[in-house]
There are 2 protein chains.
Amino acid sequence: MQNRDLRTLREIARLGSFREAAERLNMTLSAVSMQMKALEAQLDGALFDRSTRPPRLTPLGRRVAEAADEVLAAEDRLRALAGPEAPLAGRFRLGLVASASARLLPDFLQSVARDLPHTRFDLRTGLSEQLEGLVAEGALDAAVVTATGVALGGGRHTLLARDRLILAVPPGEAPLPFLHFAPTTGIGRVIAAELAHRPDLRDAPRIVLDHVETIVACLDAGVGRTVLPEIDLARARQPFDATALDAMRSLVLVTRIGTPLDAYAERLAALLGVRSAISAT
Amino acid sequence: MQNRDLRTLREIARLGSFREAAERLNMTLSAVSMQMKALEAQLDGALFDRSTRPPRLTPLGRRVAEAADEVLAAEDRLRALAGPEAPLAGRFRLGLVASASARLLPDFLQSVARDLPHTRFDLRTGLSEQLEGLVAEGALDAAVVTATGVALGGGRHTLLARDRLILAVPPGEAPLPFLHFAPTTGIGRVIAAELAHRPDLRDAPRIVLDHVETIVACLDAGVGRTVLPEIDLARARQPFDATALDAMRSLVLVTRIGTPLDAYAERLAALLGVRSAISAT
DNA sequence: CTATAAATTCAATCGAACTGAACATGCAGA
DNA sequence: TCTGCATGTTCAGTTCGATTGAATTTATAG
């Protein structure tokens with residue numbers, strides 16, 4: 001079945017004559033006639049009552065013309081997906097490291113709903129390394145992870161945000177245990193590296209936790225000291241002594257080089273609520 | 001845009017490789033490749049990430065494949081309208097003479113809803129002559145009217161029902177006026193013709209009414225005598241003296257000869273709740 | 001009944017899409 | 001890391017289908 005024929009049928013239904021439809025579609029009257037003949041043959045049913053001179057649609061013809069409208073409307077919707085005005089359309093599979101999701105997701109989902117009504121995002125969370133692997137093998141289109149050194153082969157890192165690490169200590173004299181974000185994760189590894197320079201923290205009793213929220217809650221309770229990105233500590237409700245460290249936690253967008261999406265990395269980064277994204281392999 | 005290409009895209013999305021799609025669709029691998037290339041050119045967007053060997057769908061590609069499903073589904077729905085199993089599908093414009101609509105419509109609409117879910121009927125009422133004219137000029141596909149003699153040129157009458165005319169007289173001695181259904185209508189003319197043979201009725205005082213319901217109500221009230229089809233008098237609530245007349249009221253389905261619908265007249269008649277329809281020009 | 005506009009038919013032509021072969025390339029196994 | 005294979009791409013040739021224009025038919029208006 002040819003959509004071209006359906007388009008012609010629609011024009012005939014609208015204008016009421018083969019001739020007018022032919023003119024409007026820049027075709028010969030004979031081409032119009034042949035198309036309709038072919039359509040009737042394919043459907044095995046009379047679409048027109050040819051006993052009258054401008055042939056009239058039969059009841060079946062009217063119904064088919066309506067159905068043709070639907071087919072063509074669906075086609076138009078498909079066309080609208082691509083084209084210059086919709087460069088970021090599609091169905092993206094995006095991975096998010098858990099520690100970043102709370103920070104980025106709300107704004108991100110809001111921007112998407114507002115600016116990209118035709119775009120869908122299938123989201124999943126995971127650990128940085130795991131997500132980076134999924135991007136490499138094509139199971140994800142992109143992932144937001146904590147940068148730990150350099151990108152995997154074939155992957156590009158687009159910097160989304162850099163947050164200074166802060167040593168947070170509840171007020172008081174007693175030496176408190178160190179609340180360590182799970183050291184096998186991306187951010188955990190950054191923190192572990194920093195501990196190497198701080199023997200006082202490195203040698204303190206250690207409590208390993210794998211949720212930022214939990215660590216902050218413990219900090220509020222005065223249960224221990226911790227090192228976390230500044231942005232996460234902003235959620236603390238009790239005052240604490242803050243010491244800025246040299247290390248930073250970098251959130252990056254991972255894409256696979258050469259991938260069509262890779263070209264959109266900057267735009268996707270912008271969508272993730274970051275003002276100016278810096279790309280680096 | 002070719003639906004054939006969309007069909008191919010759908011298979012690729014389903015099976016995950018060009019080769020498998022080509023086999024399943026009985027095409028060359030090269031044809032599949034060229035179709036997808038053409039589709040990408042038309043949409044002006046990359047549907048596949050070709051940096052990997054079985055090329056993978058891009059986010060845009062996934063979205064387009066979904067949209068293709070919708071286009072193809074709409075096409076399937078269109079196909080289902082025609083074909084051997086749906087001979088009476090379509091959007092019919094059907095006229096009904098007012099005096100028949102009460103009798104036929106309920107059963108008719110019920111049958112349609114049950115047996116022809118894909119068929120729509122645009123209904124209108126009118127006088128027999130007017131409706132027959134609309135059928136002749138193609139503004140209606142068919143009409144149910146009261147037969148007054150023979151069909152108009154180019155029209156076919158398919159008999160739907162014949163109801164004997166009954167002279168109904170309320171019990172009592174007094175000579176009552178005659179309640180005459182509007183004599184310019186189809187059934188009214190049949191009644192008028194019958195009056196010619198009955199001087200007692202013809203010369204009685206006459207009250208002209210244009211609704212069967214009204215006449216029956218007047219009959220119940222003992223206000224006058226009348227002649228109506230048996231079926232309409234069945235709605236009377238009071239007993240009356242009934243005399244069968246020779247004349248009959250014939251309800252016929254009018255179609256235009258040579259029209260595709262004309263071939264379905266018998267079936268449409270059956271749908272109108274009549275057991276055996278007899279056709280006559 | 002005739003003239004005219006509209007649609008159909010048909011043969012010729014044109015173009016789009018498919019095919020098969022040669023070529024390129026990612027990926028798996030050594 | 002290298003090699004072979006399977007998969008996809010490219011290209012030229014061919015085939016099939018669609019369009020065209022002329023001739024013909026036919027419904028409708030005058």
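In this structure, the side-chain contact (heavy atoms from CB on, under 4.5 Å) partners of Arg189(A), at least two apart in sequence or on a different chain, are Glu129(A), Thr148(A). Considering only residues two or more places apart in sequence or on other chains, Phe48(A) meets the ring pair (Phe, Tyr, Trp, His ring centres under 6.0 Å) condition with Phe18(A). Residues that satisfy the salt bridge (charged side-chain N to carboxylate O under 4.0 Å, His left out) test with Arg249(A), not counting sequence neighbours, are Asp163(A), Asp232(A). The side chain to side chain donor-acceptor pair (under 3.5 Å) test applied to Arg124(A) returns no partner, not counting sequence neighbours. The side-chain contact (heavy atoms from CB on, under 4.5 Å) search around Arg53(B) returns none, not counting sequence neighbours. Residues forming a side chain to side chain donor-acceptor pair (under 3.5 Å) with Arg4(B) (at least two apart in sequence, or on another chain): none.
Ring geometry, Phe108(B) versus Phe121(B): the interplanar angle exceeds 60°, so the pair is classed perpendicular (tilted spans 30 to 60°).
The CZ atom of Arg4(B) sits 15 Å away from the C1' atom of dA18(D) (whole-angstrom rounding). Rounded to an integer number of Å, the gap from CG of Leu39(A) to P of dT8(C) is 13 Å. Nucleotide dA6(C) holds its P atom 18 Å from the CG atom of Asp49(A), rounded to whole Å. In this structure, CE of Met34(B) is placed 11 Å from P of dA12(D), rounded to the nearest angstrom. Going from atom CD of Gln35(A) over to atom P of dA7(C) covers 14 Å, rounded to whole Å.
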Can you tabulate the close N/O pairs, meaning under 3.5 Å, that link protein atoms to atoms of nucleotides 13-15 of chain C?
none

#### Entry: salt bridge (Lys or Arg N to Asp or Glu O under 4.0 Å) between Arg10(B) and Glu66(B), intermediate numbers included
CA-CA 8 Å; Arg10(B) 180 172 67 176; Glu66(B) 288 173 18; over 6 Å; no
Could you tabulate the donor-acceptor pairs under 3.5 Å formed by side-chain atoms of residues 21-34 of chain B, not counting sequence neighbours?
unit_1: Glu23(B); atom_1: OE2; unit_2: Arg19(B); atom_2: NE; d: 3.3
unit_1: Glu23(B); atom_1: OE2; unit_2: Arg19(B); atom_2: NH2; d: 3.4

### Task
Go along nucleotides 23-30 of chain D 5' to 3' and tag each nucleotide: B for a protein heavy atom under 4.0 Å from its base, S when only backbone or sugar atoms are that close, - otherwise.
--BBSS--
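Here Arg7(B) pairs with Glu75(B) in a salt bridge; the nearest charged N to carboxylate O distance falls below 4.0 Å. Salt-bridge annotation for Arg14(A) and Glu11(A): present, with a side-chain N of the basic residue lying under 4.0 Å from a carboxylate O of the acidic one. Salt-bridge annotation for Arg256(A) and Asp262(A): absent, with no side-chain N of the basic residue lying under 4.0 Å from a carboxylate O of the acidic one.
Of the residues in residues 5-30 of chain A, those placing a heavy atom less than 4.0 Å from an atom of DNA chain D are Thr28(A), Ser30(A), in numerical order.
Screening residues 135-147 of chain A for side-chain hydrogen bond (donor to acceptor under 3.5 Å, both in side chains) gives Arg93(A)-Asp141(A), Asp141(A)-Arg62(B) as the qualifying pairs, with residues at least two apart or on separate chains.
Remark: Lys37(B) is in phosphate contact with dT10(D), judged by side-chain N or O atoms under 4.0 Å from OP1 or OP2.
The end-to-end axis angle of the helix from dC1(C)-dG30(D) to dA30(C)-dT1(D), rounded to 10 degrees and based on five pairs per end, is 40°.
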